[in-house]
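Only this structure's heavy atoms are used, side chains among them; waters, hydrogens and symmetry mates stay out. Because the structure is a prediction, the values reported are computed rather than measured.
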Amino acid sequence: MWATLFLYVTAIAWAGYGIYCFLQPQILGSLAGLAATNVTGATELRAMYGGAQFGIGLMTLFGARELRLQRPTLLGLACIYGGLGISRAIAALLGHDVSVYTLGAATFEITSLLICVALLRRIER
């Protein structure tokens with residue numbers, strides 16, 4: 001039950017943010033300091049912040065809907081959250097980045113990683 005709820009909430013967050021970033025890639029300039037300097041840059045922002053995040057949301061939705069997919073979905077999310085959160089935290093320390101965006105994203109990612117690990121451990125028992 002908890003895994004299903006977590007996966008549905010996660011699916012909405014990733015897919016929703018992905019759609020928003022695909023439709024409005026310029027928002028990343030004010031949120032994260034990212035800006036496209038040409039059409040190729042805008043395409044890249046749409047693909048990576050729009051398409052990839054929407055894809056993660058879709059994968060997570062499938063995991064929420066199919067009990068047999070919950071464990072692999074949580075494992076995949078743990079890898080994604082771990083990679084993002086740990087590298088973001090290290091990069092923030094190296095660059096002395098204490099922006100609201102960076103701190104908020106790192107907190108979200110590391111907290112989500114810990115939730116994934118806890119849910120995986122619960123499934124294993």
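- Between L7 and L77, the closest side-chain pair of non-hydrogen atoms falls below 4.5 Å.
- Remark: the backbone N or O of V98 is not paired with any side-chain donor or acceptor of T102 at under 3.5 angstrom.
- We find the CD-CG distance between Q24 and L31 to be 11.5 Å, quoted to the nearest 0.5 Å.
- In this structure, the separation between CG on L75 and CG on L119 is 12.5 Å, given to the nearest 0.5 Å.
- At a threshold of 4.5 Å between non-hydrogen side-chain atoms, the residues C21 and F54 do not count as touching.
- One hydrophobic cluster holds both L84 and M59 under the rule that ILVMFWY side chains link at heavy-atom gaps under 4.5 Å.
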When you look at I115 and W2, which way does the side chain to side chain contact (heavy atoms under 4.5 Å, CB included) test go after all the steps?
-> CA-CA 10 Å; I115 292 169; W2 291 110; over 6 Å; no
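- Hydrophobic clustering of Ile, Leu, Val, Met, Phe, Trp and Tyr side chains at less than 4.5 Å, counting indirect connections, unites Y17 with L34.
- In this structure, OG1 on T4 lies 6.5 Å from CG on L67, to the nearest 0.5 angstrom.
- The side-chain heavy atoms of E44 and Y49, taken from C-beta on, include no pair separated by under 4.5 Å.
- Using the six-membered ring where Trp is involved, Y81 and F108 have ring planes that are perpendicular, over 60° apart on the 30 and 60° scheme.
- Contact between Q70 and G63 at its shortest, heavy atoms only, is CG-O, 3.0 Å.
- Here the SG-CD distance, from C116 to E109, works out to 12.0 Å after rounding to the nearest 0.5 Å.
- A donor-acceptor pair shorter than 3.5 Å cannot be found between the side chains of T43 and T40.
- Side-chain contact between I56 and T10: absent, with no pair of heavy atoms (C-beta onward) separated by less than 4.5 Å.
- Here the shortest heavy-atom pairing between G41 and N38 reads N-OD1, 2.8 Å.
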Any chance you could lay out the side chain to side chain contact (heavy atoms under 4.5 Å, CB included) test for E66 and T73, step after step, and finish with the verdict?
-> CA-CA 10 Å; E66 293 286 334; T73 301; over 6 Å; no
Is there a side chain to side chain contact (heavy atoms under 4.5 Å, CB included) between R65 and Y8 once you walk through the steps?
-> CA-CA 8 Å; R65 294 177 51 102; Y8 273 121; 3.3 Å; yes
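- Linking Ile, Leu, Val, Met, Phe, Trp and Tyr residues whenever their side-chain heavy atoms come within less than 4.5 Å leaves Y101 and L93 in two separate clusters.
- Under the 4.5 Å side-chain heavy-atom criterion for Ile, Leu, Val, Met, Phe, Trp and Tyr, V9 and I123 are members of the same hydrophobic cluster.
- A pairwise comparison of heavy atoms in A106 and R88 identifies N-CD, 3.6 Å as the closest pair.
- Of the inter-residue distances, the one linking R121 atom CZ with L74 atom CG reads 14.0 Å to the nearest 0.5 angstrom.
- Closest heavy-atom contact between A11 and G57: CB-O, 3.4 Å.
- Hydrophobic clustering (side-chain heavy atoms under 4.5 Å, transitive across Ile, Leu, Val, Met, Phe, Trp, Tyr) keeps L120 apart from L69.
- Annotation: the span from W14 atom CH2 to I80 atom CD1 amounts to 6.0 Å, rounded to 0.5 Å.
- No side-chain heavy atom of M48 sits under 4.5 Å from any side-chain heavy atom of Q53.
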